[in-house]
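Note on naming: letters A, B, ... go to the chains in the order of the sequence lines (proteins, then strands), and numbering restarts at 1 for each one. Keep in mind that what you see is a predicted model, and the values were worked out from it rather than measured.
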Amino acid sequence: MTGAFIPLDVMASATDTGRRPSSLRVLWRSTIGKKTVMAVSGGILLLYLIVHMLGNLKIFAGSTSFNEYAEWLRVFGEPALGEGWLLWVVRVVLLTAVIAHIVAAWQLSRLDIRARPVKYAHGRRRATYATRTMRWGGVIIALFVVWHILDLTTGHVNPLGEEGRPYENVVATFSTWYGNTIYIVAMLALGLHIRHGFWSAAQTLGVNHPRRDRALKATATGLAVALTVGFVSVPIAVMTGIVS
Amino acid sequence: MTLMKLTLRIWRQAGPDEPGAMTTYELDGVSPEMSFLEMLDTLNERLSAEGEEPVAFDHDCREGICGSCGMVINGDAHGPERTTACQLHMRSFSDGDVIDIEPWRAGAFPVIKDLVVDRSAFDRIIGAGGYITAPTGSAPEAHATAVPKEAADLAFENAECIGCGACVAACPNGSAMLFTAAKVVHLNALPQGAPERESRTREMVAAMDAEGFGGCTNVGECATACPKGIPLFSITRMNREYLRALRKG
Ligand code: SF4
Ligand code: FES
């Protein structure tokens, strides 16, 4: 029914010479553009998470080594740059990525919900678990990040909260039942989020291809499992006394 | 041949702004050879005879090529088989089944009556760029424009879209990405579509967004429901085309 029908005014609009809004504007206004913003910001956050997770594993090298590493994170970039400069650059990039990711997700979700105002009477489960939990999983991860910063960056809610002793603070958090629960639940949500998010980003950026699909899905699963296992290994190590 | 007795629960809505509800009908003597629409015809004959309003549904060719028919059957757009509702046969069901029949549900596809929805949003997306500009008149020499085999295959695969709207109906976000992608990929693949490649992509995506369809979250339900097998990768291609079009300004 929609196949070949071309209204006449279309021909006229093809010759319009009106000024077009800038590409960036068009990008942000379109659904595909907002998804591109989500894909790129998600990619930045994913890179950060990989580095973060690998850094966390230093905890298995003992208190001195871990605390020295944590101290180095504060000063890296010196002496070319001032103390903490590079750290702040990283923080600003991450914060920008987080805000862009959340704002785009929020706006897209509202559009999506409005596009299906009446639900089916005969509902059925659509999409995989990882896909269905993107929104709530994202909310869980965002809440976790707030807690995580208050716990281990500023120390406000840490049971020990001693500055300059991150190793001991980590052990203190994971010696509480709630610390372990919050952390492990959030890391499982993170794994699921990455499982769908990584592949979905490849779709959105148009880099997926029938011949590449399986490899991309396998990479997504691999990254999700590696990050979840890597992160969760720390509370497990504290719980089992490997790290104390 | 055993005839079936079915319980049908059908969305009845008298008009665009009327309230609607699922209404239950018992239907006897359904043969497995009937198409799904013939089954509904049988019900409608009875309803007419009883002085009731028959169930309104769209249909035309009844051979799976026009894209007019379409209804959500037990939660699946076009029902359990990968085909159109008119090409679905009652042998896919068994005696005693309860079948829920609903219209496409999307903000951009308002219900007109019962199972009939207004799909003119699709026409406006096509109108925004789903065409090529070419001089009309006598047919051009067949060898004047060479089309590489790969491009021809890709174009054919995507040209199969019949505009039924099952992709929108199946998508949890009511997104029209698969439909729009089918046309963008079809025309952008061909040399005849090249002059308008960027503007087509930009305008069709803008028209799609303006109609209030949702965004793609890569669930894949559209491609599963599509009776013509338009692949999910067409969406990937359209995303690539869109970003390319924006880079070109
Ligand atoms: S893409 Fe498939 S499901 Fe969507 S309108 Fe075209 S034929 Fe129908
Ligand atoms: S009536 Fe034409 S496709 Fe079903």
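Side-chain atoms of A/Thr221 and A/Arg195 include a donor-acceptor pair closer than 3.5 Å. B/Asn158 and B/His186 are not linked by any side-chain donor-acceptor pair at a separation below 3.5 angstrom, with hydrogens and angles left out of the test. Looking at B/Arg124 and B/Ser120, their side chains do bring a donor and an acceptor atom within 3.5 Å of each other. Side-chain contact check for B/Asn188 and B/Thr201: at least one donor-acceptor pair (N or O, by modelled atom type) lies under 3.5 Å. Counted by atom type alone, B/His78 and B/Thr84 present zero donor-acceptor pairs between their side chains at under 3.5 Å. Between the side chains of A/Trp199 and A/Asp213, at least one donor N or O lies within less than 3.5 Å of an accepting N or O. A donor-acceptor contact closer than 3.5 angstrom is absent between the side chains of B/Tyr242 and B/Arg247.
The number of heavy-atom neighbours closer than 6.0 Å to CZ of B/Arg244, taken from other residues, nucleotides and ligands shown, is above 12. Heavy-atom neighbours of A/Arg91 CZ from other residues, nucleotides or ligands within 6.0 Å: above the threshold of 12.
Note on B/Gly174, B/Ala170, B/Gly75: by heavy-atom pairs under 4.5 Å with chain A, the leading option is B/Gly75. Chosen from B/Asp58, B/Val168, B/Thr217, the residue pairing most often with chain A at heavy-atom distances under 4.5 Å is B/Thr217. Ranked by heavy-atom pairs shorter than 4.5 Å toward chain A, the options B/Pro172, B/Ser199, B/Gly212 are led by B/Pro172. Highest contact tally toward chain B, considering only A/Thr31, A/Asp112, A/Leu111, is held by A/Asp112 [criterion: heavy-atom pairs under 4.5 Å]. Considering only heavy-atom pairs separated by less than 4.5 Å from chain B, the leading option among A/Met134, A/Arg110, A/His196 is A/His196. In terms of non-hydrogen atom pairs under 4.5 Å with chain A, the most contact-rich of B/Ile235, B/Ile101, B/Asp76 is B/Asp76.
At a 4.5 Å heavy-atom cutoff, the contact between A/Ser200 and chain B is made by backbone and side-chain atoms alike. For chain B, the nearby part of A/Thr36 is the side chain; its heavy atoms alone come within less than 4.5 Å. Heavy atoms of B/Ala245 lying under 4.5 Å from chain A are absent altogether. With a 4.5 Å cut-off on non-hydrogen atoms, B/Leu243 touches chain A through its side chain but not through its backbone. Heavy-atom distances place no part of A/Lys34 under 4.5 Å from chain B, backbone and side chain included. B/Phe213 touches chain A through its backbone: at least one of N, CA, C or O sits under 4.5 Å from a heavy atom, while the side chain does not. When heavy atoms are compared at a cutoff of 4.5 Å, B/Pro231 does not approach chain A at all. Contacts between B/Cys171 and chain A at a heavy-atom distance below 4.5 Å involve the backbone alone (N, CA, C, O). Heavy atoms closer than 4.5 Å to chain B are found in the side chain of A/Arg135, but not in its backbone. Interface residue B/Ala106: backbone and side-chain heavy atoms are both found under 4.5 Å from chain A.
Here B/Asp153 pairs with B/Lys149 in a salt bridge; the nearest charged N to carboxylate O distance falls below 4.0 Å. Using a 4.0 Å cut-off between a side-chain N of Lys or Arg and a carboxylate O of Asp or Glu, A/Arg29 and B/Asp209 do not qualify as a salt bridge.
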*Between A/Thr173 and A/Asp151, does a side chain to side chain donor-acceptor pair (under 3.5 Å) hold up when you go through it step by step?*
CA-CA 8 Å; A/Thr173 294; A/Asp151 182 38; 2.8 Å; yes

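Note on ring orientation: taking the six-membered ring where Trp is involved, the planes of A/Trp147 and A/Phe144 are tilted (angle from 30° to 60°).
Side-chain atoms of A/Leu24 and A/Trp28, non-hydrogen and from C-beta on, never get closer than 4.5 Å to each other.
Against chain A, no residue from residues 110-118 of chain B qualifies, as none has a non-hydrogen atom under 4.5 angstrom away.
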